[in-house]
Number of protein chains: 2
Amino acid sequence: MAVVKGPTVYDVAERAGVSIATVSFAFSQPHRVKDSTRNAVLDAARALGYVPSASARGLARGRTGALGLFSFDFLNFLPDAEGMKKDRAAAVVAPNDDCRLFPVWVDEVQRGVELESFSRGYALMIGGGNRASSERAVTDIAGRVDGLIIFPRTIPDEVTRRISARIPVLELSEPSHGDGLHHVTVDNASGMRQLMEHLIDVHQFRKFVFVSIPNVETEARYEAFNAVLRDHGLEVPPVVESRPGASGVTAELVTKLLGSGALPDCFVCANDEEALVVMETLKAAGVSVPDQVAVTGFDGVVAGRLVSPTLTTVRQPMELMGRTAVEILVDAISQPLAPLVERQLPVHLVVRESCGCAKT
Amino acid sequence: MAVVKGPTVYDVAERAGVSIATVSFAFSQPHRVKDSTRNAVLDAARALGYVPSASARGLARGRTGALGLFSFDFLNFLPDAEGMKKDRAAAVVAPNDDCRLFPVWVDEVQRGVELESFSRGYALMIGGGNRASSERAVTDIAGRVDGLIIFPRTIPDEVTRRISARIPVLELSEPSHGDGLHHVTVDNASGMRQLMEHLIDVHQFRKFVFVSIPNVETEARYEAFNAVLRDHGLEVPPVVESRPGASGVTAELVTKLLGSGALPDCFVCANDEEALVVMETLKAAGVSVPDQVAVTGFDGVVAGRLVSPTLTTVRQPMELMGRTAVEILVDAISQPLAPLVERQLPVHLVVRESCGCAKT
DNA sequence: ATGAAAGCGCTAACAA
DNA sequence: TTGTTAGCGCTTTCAT
């Protein structure tokens with residue numbers, strides 16, 4: 001039944017009455033072998049159920065033919081995703097009627113990476129891990145691939161540096177900071193500017209609150225947020241800090257604001273997750289969105305369309321980010337000496353209901 | 001800058017002043033080496049930026065430490081997904097405000113596979129391809145992993161048979177048919193029965209049309225559909241055949257039904273995709289769902305919650321299917337002689353609006 | 001057009 | 001506790 005050991009080139013060669021080199025050639029350079037020989041080899045391979053070992057092939061060639069994506073398990077990654085974890089646990093066994101968590105932007109980027117990898121003849125190795133095991137996990141997958149894509153801020157610089165000495169590594173979203181990595185970023189500033197101008201010009205909003213976890217990515221958004229306010233001579237409020245996934249924290253902050261009676265015209269959130277939490281909190285407090293206060297997000301995850309009111313946001317071209325990452329990596333693999341590339345992709349304002357625009 | 005060749009065990013061994021075996025031990029069986037030695041090795045490795053080669057490791061060990069998922073690109077896989085392809089092409093460059101296609105059930109299963117693989121210490125190799133290249137692609141990834149998961153009906157039996165002689169292979173959704181594969185299925189019959197009884201008992205529907213592509217999976221659903229009708233002494237209609245993703249075909253069929261004036265009480269669709277197309281067609285024809293006719297799906301994809309009216313359907317435990325598949329495979333890897341397993345998972349009726357149940 | 005043979009980097013007996 | 005050494009299965013010169 002279950003054969004313990006699969007056939008190798010040696011078996012195929014013996015059965016076809018040729019040498020192992022010929023077997024190898026028959027597969028990799030068919031034109032270099034006589035037709036009759038090639039057929040004999042192919043027949044033997046088929047008869048034996050030959051499946052080439054990628055390990056052996058990779059070892060001999062020095063390349064694996066696979067790309068890697070270190071797709072951290074964000075549920076086990078974020079320090080305070082307990083609530084989400086419970087939701088997921090429930091969803092595994094019960095009918096999952098709450099789809100808010102899926103897919104997040106990570107999933108959409110991944111899909112782009114997959115499609116582009118396949119169409120370029122690469123297999124995709126996906127690695128994962130929680131924060132504790134991330135170094136081991138990422139090193140493991142790095143050893144399996146010819147090029148690696150990582151999500152922003154998931155891996156210590158020291159580790160990516162070591163890996164990028166061996167294979168090209170591309171970090172998503174994060175702007176380059178003299179690391180030895182390739183980058184695919186989005187034009188956060190422009191997106192935020194479009195959004196703010198819509199809010200100020202169309203809705204006449206004047207008083208804003210920015211909800212965010214401070215990091216390099218949201219920093220660019222916050223700076224653009226500020227710049228627009230300054231340009232319009234409006235008051236620049238401090239950031240309301242929160243942490244993504246930490247419903248408790250964001251909710252608490254919003255509740256505090258509510259208590260103080262200092263409701264702004266609009267909550268501008270650094271990403272959709274925050275925005276969803278804010279909307280939920282407001283709803284729970286009996287505050288109507290967008291009638292009493294507007295809320296906006298940033299990212300354009302699917303969930304933004306599920307909620308009511310639907311979420312006005314700035315959409316990143318997630319699938320394109322994934323595809324672009326692969327493109328860059330494949331080039332870098334074939335030209336190891338080429339300079340690092342950093343490519344910026346455009347974003348698009350998506351006007352829905354939560355800013356106060358009418359239902360369509 | 002870009003180092004051409006990464007350091008190997010030999011380099012680490014030399015730098016640490018030990019043999020390559022010791023380096024290997026220091027990593028794989030830390031307790032078997034003296035503390036001072038292990039530290040010397042680890043330091044050397046760190047200093048050199050050592051990244052173990054999975055190819056070499058895999059070759060030597062006979063196992064790769066990775067699981068495989070052959071996740072066909074369904075857009076290039078289905079013969080008639082031209083419309084969907086165009087949608088996706090647009091979505092890549094433009095703001096994707098039509099999320100109907102994402103995620104489909106495949107994505108949710110994949111997520112389950114990923115999470116379970118990671119938590120069990122396996123990396124996940126994802127392969128893909130269109131129908132033309134599927135044999136080569138699946139063989140390629142089979143050579144890279146210790147166990148393989150495939151989606152139903154994507155790979156010819158002959159090919160899976162060859163692969164399963166080498167590593168355990170698990171097919172999703174499809175019931176076993178004497179292939180040498182492991183299986184994870186769902187209880188389609190029970191789900192359809194629950195659904196039909198709801199439609200008959202609660203809504204008093206009597207006249208049904210079943211919309212489906214005929215295949216083994218939907219066959220089970222159609223059989224259960226028929227059985228329930230017979231049990232209730234109701235007329236058993238013929239299947240209205242369509243093809244998934246082929247909006248044109250399903251739409252045409254529905255239009256024909258509309259023209260003949262023979263509208264049923266309810267369109268029971270073999271899956272959600274069909275149901276969404278049916279609803280769209282009815283809407284375009286000015287027929288109100290669920291007021292004039294009800295529609296139901298099967299699968300429970302996220303999109304079913306996006307549409308209006310929301311889709312009544314039967315939800316499969318997609319993530320659990322993925323996790324279960326990994327669990328079975330990991331067991332099979334450690335016990336190559338154990339018998340093939342086929343595990344059936346329960347489904348859940350999800351009552352929403354399209355059957356006529358009130359908005360909640 | 002084909003074969004012989006030298007590795008690719010690592011693991012795992014077996015020795016020491 | 002550590003070192004020696006023989007592969008793991010395949011690719012790739014270099015001969016023939």
Side-chain angles (χ1 to χ4, degrees), chain A residues 3-42 44-45 48-66 139-140 142-146 166-167, chain B residues 3-42 44-45 48-66 139-140 142-146 166-167:
Chain A
V3 178
V4 174
K5 217 72 194 97
T8 72
V9 267
Y10 295 98
D11 302 311
V12 176
E14 183 178 357
R15 171 145 186 158
V18 298
S19 75
I20 60 166
T22 302
V23 173
S24 181
F25 284 144
F27 281 104
S28 55
Q29 315 186 39
H31 58 278
R32 286 196 40 179
V33 238
K34 203 173 18 174
D35 275 23
S36 59
T37 315
R38 174 159 23 88
N39 288 332
V41 170
L42 263 30
L48 257 27
Y50 173 61
V51 177
S53 155
S55 294
R57 193 192 295 260
L59 221 209
R61 278 221 264 248
R63 304 177 304 101
T64 66
T139 301
D140 175 83
R144 302 171 176 275
V145 299
D146 298 331
R166 208 176 195 281
I167 56 173
Chain B
V3 177
V4 174
K5 217 71 195 96
T8 71
V9 267
Y10 296 97
D11 302 310
V12 177
E14 183 178 356
R15 170 143 186 160
V18 298
S19 75
I20 59 166
T22 302
V23 173
S24 182
F25 283 145
F27 281 103
S28 56
Q29 315 187 35
H31 57 279
R32 288 198 38 179
V33 278
K34 201 174 18 175
D35 275 24
S36 60
T37 315
R38 172 159 25 88
N39 288 332
V41 170
L42 264 29
L48 257 27
Y50 173 62
V51 177
S53 155
S55 294
R57 192 194 298 261
L59 221 209
R61 278 220 266 245
R63 306 177 303 102
T64 65
T139 301
D140 175 82
R144 301 170 175 277
V145 301
D146 298 331
R166 208 175 195 283
I167 55 173

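Chain naming here is simple, since letters A, B, ... match the order of the sequence lines and numbering starts at 1 in each.
Checking the phosphate oxygens (OP1, OP2) of D/dT4, no side-chain nitrogen or oxygen of B/Ser19 falls inside 4.0 Å. The phosphate of C/dG9 has neither OP1 nor OP2 within less than 4.0 Å of any side-chain N or O from B/Ser53.
Atom-to-atom, CZ of A/Arg166 to C1' of C/dC8 comes out at 11 Å; the value is rounded to the nearest Å. Between the C1' atom of D/dT12 and the CD1 atom of A/Ile20 lies a distance of 10 Å, rounded to the nearest Å. For A/Phe27 and C/dT2, the CZ to P distance is 15 Å, given to the nearest whole Å. Nucleotide D/dG9 holds its C1' atom 15 Å from the CD atom of A/Glu14, rounded to whole Å. Computed from coordinates, the B/His31 NE2 to D/dT1 C1' distance equals 12 Å when rounded to whole Å. Rounded to whole angstrom, the span from the CZ atom of B/Arg38 across to the P atom of D/dT1 amounts to 10 Å. Between B/Phe25 atom CZ and C/dA12 atom C1' there is a gap of 6 Å when expressed in whole angstrom units. Remark: C1' of D/dC10 and CG of B/Asp140 are 14 Å apart, rounded to the nearest angstrom.
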Please assess A/Ser55 against B/Thr64 for the test side chain to side chain contact (heavy atoms under 4.5 Å, CB included), listing each intermediate value before the final yes or no. CA-CA 7 Å; A/Ser55 294; B/Thr64 65; 3.8 Å; yes
Derivation and outcome, side chain to side chain contact (heavy atoms under 4.5 Å, CB included), residues B/Val9 and B/Tyr50: CA-CA 8 Å; B/Val9 267; B/Tyr50 173 62; 3.5 Å; yes
Might you work through the side chain to side chain contact (heavy atoms under 4.5 Å, CB included) test for B/Ser36 and B/Asn39, ending with a clear yes or no?
-> CA-CA 5 Å; B/Ser36 60; B/Asn39 288 332; 5.8 Å; no
Notebook entry, point to check: Where do A/Phe25 and A/Val41 land on the side chain to side chain contact (heavy atoms under 4.5 Å, CB included) test, with the steps shown first?
Noted result: CA-CA 10 Å; A/Phe25 284 144; A/Val41 170; over 6 Å; no
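No hydrogens or angles were tested; on distance alone, a donor-acceptor pair under 3.5 Å links the side chain of A/Tyr10 to the base of D/dC10.
Projected onto DNA chain D by closest heavy-atom contact, A/Arg57 and B/Arg61 fall at different nucleotides, the more 5' of which corresponds to B/Arg61. If you find the closest nucleotide of DNA chain C to A/Thr37 and to B/Ala60, the one lying nearer the 5' end belongs to A/Thr37. Mapped onto DNA chain D by nearest heavy atom, B/Lys34 and B/Ala56 fall at different nucleotides, with B/Lys34 at the one closer to the 5' end.
Nearest nucleotide to the side chain of B/Leu59, out of C/dG9, D/dT2, D/dT4: C/dG9.
As judged by a 4.0 angstrom heavy-atom cut-off over every strand, B/Thr8 is placed among residues touching the sugar-phosphate backbone only. Backbone-only contact: A/Tyr50 has heavy atoms under 4.0 Å from sugar-phosphate atoms and none from a base. If you check every strand for non-hydrogen atoms under 4.0 Å, B/Val18 touches sugar and phosphate atoms only.
With salt bridges taken as basic N to acidic carboxylate O contacts below 4.0 Å, one links A/Arg144 and A/Asp140.
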